[in-house]
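Written below as structure tokens is the structure these notes are about.
In what follows, every chain begins at residue 1, and chains take the letters A, B, ... in the order their sequences are listed.
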2 protein chains.
Amino acid sequence: MASEAQRRTQLVEATVHEIGEARSLNVTVSKIAKRAGVSSGLAFHYFGDKDRLFLAAMRYILTIYGAEVRGALAVAQTPRDRVEALIRTSFSSTNFRDDVISAWLNFYVLAQSSDEARRLLSVYHRRLHSNLTHDLRPQVGDRATAVAERIGGLIDGLYLRSAIIPQALHGTAAMDHVLATLDIEIGQAQ
Amino acid sequence: MASEAQRRTQLVEATVHEIGEARSLNVTVSKIAKRAGVSSGLAFHYFGDKDRLFLAAMRYILTIYGAEVRGALAVAQTPRDRVEALIRTSFSSTNFRDDVISAWLNFYVLAQSSDEARRLLSVYHRRLHSNLTHDLRPQVGDRATAVAERIGGLIDGLYLRSAIIPQALHGTAAMDHVLATLDIEIGQAQ
DNA sequence: TATCATTGACTGATCAGTCAATCAATCGGT
DNA sequence: ACCGATTGATTGACTGATCAGTCAATGATA
């Protein structure tokens, strides 16, 4: 017998793996439960329904991403280092794992129809934006907000491209483009 | 009785509408057929299976987008105008219709598991990239390729954000950011 | 004994895809 | 003009499979 917390984690991780394997949200609760080594009944017992299991998986992904960002920021010294840390984290190997990519894409789709999913996604966006703005201000002053918007958008867009069509744009190249944009924006007259 | 071409178009358009309404690919062929005013059997008769109906819908969206781009380019005079036209078209009202947004997002998901969907998506990417590169070259010289990559990525990323969380970023604002980036990139020393 | 974890068989609903049958248009021959 | 035949358009009932969610029963623990 395991504690509720352990089971929830197992189920959530299994959900991410299954989504990654199916490359869509078309995964059955039974398969998820099987992968987690429990019965389907238990999944329903703890999460109520499939939607809430998906949302828990989304929170899990966002939590890990958030932790990675915090870790990277912790070792950064200058504001410039901190912005670079934010960019590099977005293109880290963690975020290029097949299941993580698939999860993100499907969460974007889910965000269209689920208020809670949209809320979670906008929390991520706001946090990234506020981190960027904070560390860009010493470097670009009043332009910080606008530059943060552009750097953030560029991260999302290039991530999307390199995740889906890696032949056309490797993750490393994508990251370099964002860093190049950062240099250009910082070099602008204020 | 209607011709095969007419029926195919009706079914494809109905598919886009249904995807837009469901905000996912979880739509039944029966509902699509009903919306198109025909029986489900006819949909299978013409498209074979659901996947091929989705791919046809994707081609339809990309064709319309391509036509809009061609139209906008036709009236543009200078290279700068042409790049602007490409950017503005990506944020046109057509592309902000709910069903079109939903279709795009779901096509990104589909591209993970369907070779044909990925192929279609990379055709779109290559075309945008080559258009951008061509018209950027007179303005930024050898940097054209890199700048095109960044502008293209920014378009995708900001489109995604403004499509999903319009409260955080209106489509118009998103477009302005891309145009601002264009100015900055052109203003760079070569 | 009381409580919590866990199972897995079961139900009801949904849906992709099939198929045999009907309906409409066209055409070649008379 | 008329007719049978051929071809293509169209239907919708049907099947087999899948799956979300339920629930009564069992196992473990304190």
Considering all heavy atoms, the nearest B:Phe54-B:Leu110 contact: CB-CD2, 4.3 Å

For B:Tyr60 and B:Glu13, test the side chains for any donor-to-acceptor distance below 3.5 angstrom and give the result as yes or no. yes

Could you state the atom-to-atom distance from CZ of A:Arg8 to P of C:dT6 in whole Å? 12 Å

Drop me the distance from B:Ile151's CD1 to B:Leu182's CG, to the nearest 0.5 angstrom. 5.0 Å

For atom NZ of A:Lys50 and atom P of D:dA20, their distance in whole Å: 4 Å

Between CG of B:Asp49 and C1' of C:dC15 the distance, given in whole Å, is 14 Å

May I have the distance from B:His45 (atom NE2) to C:dT22 (atom P), rounded to whole angstrom? 18 Å

Can you list, in residue-number order, the parts of residues 16-32 of chain A that come under 4.0 Å of DNA chain D, counting heavy atoms only? A:Val27, A:Thr28, A:Val29

Interface polar pairs with nucleotides 12-15 of chain D, N/O, under 3.5 angstrom:
none

Rounded to whole angstrom units, what separation is found between the CD atom of A:Glu4 and the C1' atom of C:dC4? 10 Å

What pairs with B:Glu116 under side-chain hydrogen bond (donor to acceptor under 3.5 Å, both in side chains), at least two apart in sequence or on another chain? B:Arg59, B:Arg119

Per the under-4.0 Å heavy-atom filter, residues of residues 105-120 of chain B near DNA chain C come out as none

When you compare the side chains of A:Thr89 and A:Tyr65, does any donor N or O come within less than 3.5 Å of an acceptor on the partner? no

As an exercise, state the distance from CG of B:Leu160 to CG of A:Asp156, rounded to the nearest 0.5 Å. 6.0 Å

Residues which pass salt bridge (charged side-chain N to carboxylate O under 4.0 Å, His left out) with A:Asp81, listed by chain and number, not counting sequence neighbours: none

Do the side-chain N or O atoms of A:Arg7 get closer than 4.0 angstrom to the phosphate oxygens (OP1, OP2) of C:dT6? yes

Could you state the atom-to-atom distance from CD of A:Gln6 to P of D:dA28 in whole Å? 17 Å

Kindly determine whether B:Arg35 and B:Thr15 satisfy side chain to side chain contact (heavy atoms under 4.5 Å, CB included), including the steps that lead there. CA-CA 9 Å; B:Arg35 174 166 232 137; B:Thr15 304; over 6 Å; no

Could you tell me whether A:Arg8 sits above the aromatic face of A:Phe47, with NZ or CZ closer than 6.0 angstrom to the six-membered ring centre and within 45 degrees of the axis? yes

Across the strands shown, which category fits B:Tyr46 at heavy-atom distances under 4.0 angstrom: base, sugar-phosphate, nothing? sugar-phosphate

Do any pairs count as a side chain to side chain donor-acceptor pair (under 3.5 Å) and have a residue in residues 174-186 of chain B, sequence neighbours left out, and if so which ones? A:Arg150-B:His177, B:Arg80-B:Asp183, B:Arg143-B:Glu185, B:Arg150-B:Glu185

Nearest-Å distance for atom pair CZ/P, residues B:Phe44 and C:dT18: 8 Å

What is the separation between atom NZ on A:Lys34 and atom P on C:dT6, rounded to the nearest whole Å? 19 Å

I'd like to know if the side chain of A:Tyr159 reaches the main chain of A:Asn95, judged simply by a donor and an acceptor atom lying under 3.5 Å from each other, with no hydrogens or angles considered. yes

